[in-house]
Amino acid sequence: MKLTYRVEDGARLGALLWEFGPGWRMISSALLGGGIGVREWVLNAQVVAGYSRMDPVDHLVSLGPGGDGVGMLTAASVDRYVEASDGGVEACATVGLRVPTWAAAPEGTADPELAPMRVGTINIVAVLPVAMTDAALVNAVMTVTEAKSQALIEAGFPCTGTASDAVCVAVPAEGPAEVFGGPRSEWGARLARAVHTAVRRGAAAWRPRDFK
């Protein structure tokens, strides 16, 4: 992983880049490279809190190294990223909690602090050393989300996340494929613990100055 900075909209903004190269499959909810497929890099790019560009995919493409990759946006300070590992699973989280949100809210509930283009405020990248079936990858995303919400609640935040969190799980494209990714499976349990630790630490260290 590499941390770089750029100046944009009058602000110094960071970006985290993982360059995996060939031989990786990823599942992601990201604007760029979302879904399931072969990807070679992951970018977690910081933007200003009032981000309102209507071409976020093009923006991410311009910030990435080229080729097929995953690109996420966040208003959190990415240089305050938190990493954790468990049994060969690596997790990295950038945590911003300006607007903690429950997943199930009454119909019509508005989030007044989100800009027109909603940018992720808790972004999680997880890397496993084993291949997974498509179903296991979907299950892994569920596990990441459940571990994230558990960590936030334990840290004292009344929420399951924010309205615009993003996730990416990367696994080798070749090799015997795991068919389970839930929190009680061998690799899902390790994934859950790594994500829980990263998000819990990030939430504990979060301050409103993350947003400028």
Side-chain angles (χ1 to χ4, degrees), residues 3 5-6 8-16 27-34 42-60 63 70-84 91-126 141-169 192 194-212:
L3 171 64
Y5 292 92
R6 71 190 190 281
E8 190 174 276
D9 296 329
R12 184 172 183 262
L13 303 170
L16 300 173
I27 182 171
S28 179
S29 63
L31 288 169
L32 174 65
V42 179
L43 176 71
N44 186 12
Q46 181 184 351
V47 295
V48 294
Y51 187 79
S52 58
R53 287 183 58 157
M54 300 307 294
D55 62 342
V57 173
D58 291 340
H59 188 195
L60 284 162
L63 297 175
V70 170
M72 301 181 285
L73 297 174
T74 182
S77 298
V78 299
D79 54 7
R80 300 184 66 194
Y81 66 88
V82 181
E83 294 179 296
C92 179
T94 53
V95 178
L97 287 161
R98 182 168 56 105
V99 189
T101 304
W102 291 112
E107 184 177 0
T109 299
D111 193 334
E113 295 194 55
L114 285 176
M117 186 58 62
R118 299 184 173 190
V119 292
T121 47
I122 302 176
N123 286 350
I124 300 170
V125 176
V141 170
M142 293 172 59
T143 296
V144 168
T145 304
E146 291 169 1
K148 174 198 70 176
S149 296
Q150 178 184 340
L152 293 173
I153 294 168
E154 289 177 356
F157 290 89
C159 67
T160 51
T162 80
S164 51
D165 297 346
V167 60
C168 179
V169 177
V195 169
H196 176 270
T197 298
V199 175
R200 180 71 185 266
R201 289 174 181 168
W206 186 83
R207 298 291 184 274
R209 66 183 177 85
D210 282 348
F211 295 90
K212 300 176 182 178

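Hydrogens, waters and symmetry mates are skipped; everything else that's a heavy atom, side chains included, is used.
- Between A163 and T101, the closest heavy-atom pair is N-OG1, 3.8 Å.
- Scanning both residues, I153 and C159, for their nearest heavy atoms gives CG1-O, 3.4 Å.
- Within the 4.5 Å cutoff, side-chain heavy atoms of P56 are placed close to those of L73.
- Between the side chains of N44 and T94, at least one donor N or O sits under 3.5 Å from an acceptor N or O.
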Side chain to side chain contact (heavy atoms under 4.5 Å, CB included) between L13 and V78, intermediate numbers included: CA-CA 8 Å; L13 303 170; V78 299; over 6 Å; no
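- In plain terms, the two heavy atoms of A147 and A192 that are nearest each other are CB-O, 3.4 Å.
- Note: W206 CH2 to S77 OG = 10.5 Å, rounded to the nearest 0.5 Å.
- Looking only at atom types and distance, the side chain of D79 has a donor-acceptor partner in the side chain of Y5 under 3.5 Å away.
- V70 has its side chain out of reach of L32: every pair of non-hydrogen atoms, C-beta onward, lies at least 4.5 Å apart.
- Between the side chain of W102 and the backbone N or O of T160 there is no donor-acceptor pair closer than 3.5 Å.
- Closest non-hydrogen pair, A203 versus A155, comes out as CB-CB, 3.9 Å.
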If you apply the rule side chain to side chain contact (heavy atoms under 4.5 Å, CB included), what do you find for I124 with V195, and how did you get there? CA-CA 8 Å; I124 300 170; V195 169; 4.0 Å; yes
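- Put simply, the side chain of S164 never gets that close to the backbone of T162: no donor and acceptor are under 3.5 Å apart.
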For side chain to side chain contact (heavy atoms under 4.5 Å, CB included), just list the numbers for N123 and V167, CA-CA rounded to whole Å, side-chain angles, deciding distance to a tenth of an Å, and then say yes or no. CA-CA 6 Å; N123 286 350; V167 60; over 6 Å; no
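- Across every non-hydrogen atom of S28 and G33, the tightest pair is CB-O, 4.4 Å.
- Here the CG-CG distance, from L31 to D55, works out to 11.0 Å after rounding to the nearest 0.5 Å.
- The NZ atom of K148 sits 13.0 Å away from the OG1 atom of T143 when rounded to the nearest 0.5 Å.
- Side chain to side chain, H59 and E8 meet the donor-acceptor criterion of an N or O pair below 3.5 Å.
- Although no hydrogens or angles enter the test, the distance criterion places a donor-acceptor pair under 3.5 Å between the side chain of Q46 and the main chain of G14.
- Qualifying side chain to side chain donor-acceptor pair (under 3.5 Å) partners for Q150, counting only residues two or more places apart in sequence or in other chains: E154.
- Between L97 and V95, the closest side-chain pair of non-hydrogen atoms falls below 4.5 Å.
- In this structure, R80 contributes its side chain and A205 its backbone to a donor-acceptor pair below 3.5 Å.
- The minimum heavy-atom distance between A166 and S29, with the atom names listed, is CA-OG, 3.4 Å.
- Counting only distance, with no hydrogens or angles, the side chain of T121 and the backbone of R98 share no donor-acceptor pair below 3.5 Å.
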Are M72 and L43 close enough, and set up right, to give a side chain to side chain contact (heavy atoms under 4.5 Å, CB included), and what steps lead you there? CA-CA 6 Å; M72 301 181 285; L43 176 71; over 6 Å; no
